[in-house]
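One-based numbering, in listed order, for ligands and for the atoms of each.
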Amino acid sequence: MVPRLGVNVDHVATIRQARRGSEPDPVAAVVLAELGGADLITIHLREDRRHIQDRDLRVLRETARTPLNLEAAITGEILDRIREHRPDQVTFVPEKREELTTEGGLDIVRHSQAVKAAIDFCHTLGVSVSLFIDPDERQVEESARLGADAVELHTGRYADAPTRQARMHELTALKRASTETVARGMHLHCGHGLNYANVTDVAAIPHMEELNIGHSIISRAVLVGMKEAVAEMKSLIVAAHAARHLP
Ligand code: PXP
């Protein structure tokens, strides 16, 4: 099975929020991502709403043609949003206000009661649950015990590994946790820090079902679209100048 590509459009919203305006609209980005082959759309509704807004969740719930995966922390307010919008899948992540991005996996062992309650809550709504965890066999084991449908193994340490040897070490940890995930009957997802240079080894892990990728795709989109965006603006300016000389 080819792993599904979940395109995370948070950073389209990050650019929009820089001006608190209406563009670029992540909803438009989703249409284009789907045309490009996205198999699902991932958004992270953070408690501080620094990028994705409630409006984005509401509109995408209606307009996305592919399944919607909502990344979220386990809080009462977020669980209310899940009840209201019922995404196809929720990926529970840890969240600290001061972090730049999700820095580590959710500690399922430490927070087992809250995680269990959140999983049961989603299941009563018919929402499938994935848990974003470090590639650690104890976390995988506990995720299965609590009834998660899937785990998303955090690939941040793999992506940030400073040497090839360190990266191979992290890949081995991912493979081990992947084997454990599949053996315990859960779906296998991976994400965080994956890019055009490091995705291949992770996509090749047996039984990989879903990869969630954001920053590298949005970064590349800015660059590959730059020439066309500047050319369009330039032609408007040239046309306006030409029109000045018309009677
Ligand atoms: N998966 C999860 C659970 C995440 O929190 C994030 C970041 O929001 C991603 C995947 C995407 O990570 P990146 O933007 O580094 O590709």
## Note on the structure
When H51, H44, H11 are each screened for ring-ring contact (aromatic ring centres under 6.0 Å, His included) with H215, the one that passes is H11
### Query
Can you say whether the rings of H192 and H154 are parallel (under 30°), tilted (30 to 60°) or perpendicular (over 60°)?
tilted
### Task
Give yes if a backbone or side-chain nitrogen or oxygen of T91 is under 3.5 Å from a nitrogen or oxygen of ligand 1, and no if not.
no
### Task
Would you indicate which of R46, E152, H192 comes nearest to atom 7 (C) of ligand 1 when only heavy atoms are counted?
H192
### Heteroatom distance test (I213, ligand 1): nitrogen or oxygen, under 3.5 angstrom
no
### Message
Please compare E210, E71, H154 and report which has the shortest non-hydrogen distance to atom 6 (C) of ligand 1.
### Response
E71
### Message
So, regarding L194 and ligand 1 (criterion: nitrogen or oxygen to nitrogen or oxygen, under 3.5 Å), is there a contact or not?
### Response
no
### Query
Is H11 touching ligand 1 with its side chain, its backbone, both, or neither, if touching means heavy atoms under 4.0 Å apart?
neither
### Query
Heavy atom of S216 under 4.0 Å from ligand 1?
no
## Note on the structure
Quick look: I217 vs ligand 1, heavy-atom contacts under 4.0 Å, and the answer is neither
#### Entry: Side chains of F92 and C122 in contact at under 4.5 Å (non-hydrogen atoms)
yes
#### Entry: Under-4.0 Å salt bridge between R145 and E142
yes
### Query
Out of curiosity, does V93 fall in the hydrophobic cluster containing V115 (side-chain heavy atoms, cut-off under 4.5 Å, transitive links)?
no
